[in-house]
Amino acid sequence: MVRGSQKHPFTTLDRRILDIQALKSIKSLYSLDQELPQYTPMCATCPSSSFTHTSYPETILLGSHTKLDLATPHLTNLKNRITIFLATRQGVPKVCVLPYIPKEVEQWARVQIKDSDGGIVNSVEGHKRQGTDVRDVSFCQYELLVDHFARNHNVQPVLDSKTFFGQLQRALMLNLPVCSAIKIHEPTTLILLLINPCNVTTVDHLNRIYEYSTLGTPEIVDADALHALVGRIQVQDTNRWAIVRWDGDIEHAFYVDDDADEGSSDGNDAQD
């Protein structure tokens with residue numbers, strides 16, 4: 001392994017690029033696919049597995065996948081979070097949902113945001129990093145509708161889109177059968193994400209810069225909420241991290257009310 005130069009980092013980066021291209025040429029010339037070091041991306045010669053579903057046109061699950069037995073003691077918290085998510089989503093009590101949680105769910109390594117520049121997000125539990133020279137691409141931006149009066153049950157809900165950031169812990173796929181008790185009237189496939197949210201403490205709305213220092217309690221969100229891959233830059237001499245998009249400024253999704261009058265939308269569409 002060649003030690004990098006802190007004084008001349010770009011020289012080291014240039015040499016790294018040349019070395020990788022040389023390895024590619026050697027691999028092609030001498031058919032050395034299996035002999036290349038594990039930390040180089042050229043070792044992955046087999047196509048990656050993938051999963052798509054019509055209910056999630058913007059989401060592709062990628063990489064290795066395995067079955068998780070939710071009856072396992074160390075997955076009890078995960079099962080509880082899935083139960084709470086489904087109870088909230090279906091508008092039924094938690095005790096009604098619990099008997100219909102599948103015994104197994106499928107865990108995938110990575111999530112790709114299709115037809116966008118959002119990139120591919122790696123899950124911490126499903127995708128094991130190879131070596132220390134691989135960048136951390138497990139952080140993402142997601143958008144949720146939040147009720148301003150969530151703590152006051154006597155007030156009509158007022159929903160508004162809010163931006164969140166967090167680290168993807170697991171990417172899960174589960175199948176639910178027809179069950180009128182929890183308002184599922186046809187076989188349903190769900191892609192759910194277990195995300196450890198960032199506790200954002202500083203927001204610069206003008207420059208779209210967000211900062212955090214700690215992570216919160218993991219939560220289950222639907223894959224439709226996933227918006228983009230994000231990166232992090234540590235603020236000098238602090239324990240704070242600034243959140244940045246790999247491909248530019250932080251952008252925000254917006255939601256269209258299904259009950260809105262379509263005839264009144266001419267020239268008045270919401271914009272970021």
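Just so you know, these numbers use all the heavy atoms, side chains as well, and skip hydrogens, waters and symmetry mates. Keep in mind that what you see is a predicted model, and the values were worked out from it rather than measured.
One hydrophobic cluster, built from ILVMFWY side chains closer than 4.5 Å, cannot hold both Leu98 and Val105; they sit in different ones. Follow the hydrophobic side-chain contacts under 4.5 Å out from Leu215 and you reach Trp241 in the same cluster. When the side chains of ILVMFWY residues are joined at heavy-atom separations under 4.5 Å, either directly or via intervening members, Ile84 and Phe164 end up in two distinct hydrophobic clusters. The hydrophobic cluster containing Leu86 also contains Ile184, counting ILVMFWY residues as joined when their side-chain heavy atoms lie under 4.5 angstrom apart, directly or transitively. Neither Val124 nor Met173 shares a network with the other; the hydrophobic side chains, linked directly or stepwise wherever heavy atoms of I, L, V, M, F, W or Y lie under 4.5 Å apart, form separate groups for each.
Formation of a donor-acceptor pair under 3.5 Å by the Thr202 side chain with backbone atoms of Glu211 is not found in this model. Thr59 places no side-chain N or O within 3.5 Å of a backbone atom of Tyr56 that could act as its donor or acceptor partner. A donor-acceptor pair under 3.5 Å links the side-chain atoms of Gln90 to the main chain of Lys183, judged by distance alone.
Distance check, rounded to the nearest 0.5 Å: CG of Asn122 to CH2 of Trp108 gives 14.0 Å.
Counted within 6.0 Å of CD on Gln234, heavy atoms from surrounding residues, nucleotides or ligands total more than 12; the atom is thus considered enclosed. Within a 6.0 Å radius of OH in Tyr100, no more than 12 heavy atoms belonging to other residues, nucleotides or ligands are found.
No option in Val137, Val244, Ile243 other than Ile243 meets the side-chain contact (heavy atoms from CB on, under 4.5 Å) test with Val230. Screening Ile60, Leu193, Leu229, Ile120 against Val111 for a side-chain contact (heavy atoms from CB on, under 4.5 Å) leaves a single residue, Leu193.
In this structure the side chain of Asp160 never reaches within 4.5 angstrom of the side chain of Leu145, judged on heavy atoms.
The two residues Leu75 and Asp69 make their nearest non-hydrogen contact at CD1-O, 3.2 Å. Pairing each heavy atom of Val92 with each of Ala181, the nearest pair is CG1-O, 4.1 Å. The two residues Arg170 and Leu168 come nearest to each other via the heavy atoms O-CD1, 3.3 Å.
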Step-by-step side-chain hydrogen bond (donor to acceptor under 3.5 Å, both in side chains) determination, Gln167 to Ser138:
CA-CA 5 Å; Gln167 186 178 39; Ser138 61; 3.0 Å; yes
side-chain hydrogen bond (donor to acceptor under 3.5 Å, both in side chains) evaluation trace for Ser213 with Asn239
CA-CA 6 Å; Ser213 57; Asn239 64 343; 4.8 Å; no
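A side-chain donor from one of His53 and Ser55 sits under 3.5 Å from a side-chain acceptor of the other. Between the side chains of Gln141 and Glu143, at least one donor N or O lies within less than 3.5 Å of an accepting N or O.
Salt bridge Glu58/Lys114: absent, no basic N to carboxylate O contact under 4.0 Å.
Separation of the Tyr212 and Phe165 ring centroids does not fall under the 6.0 Å cut-off.
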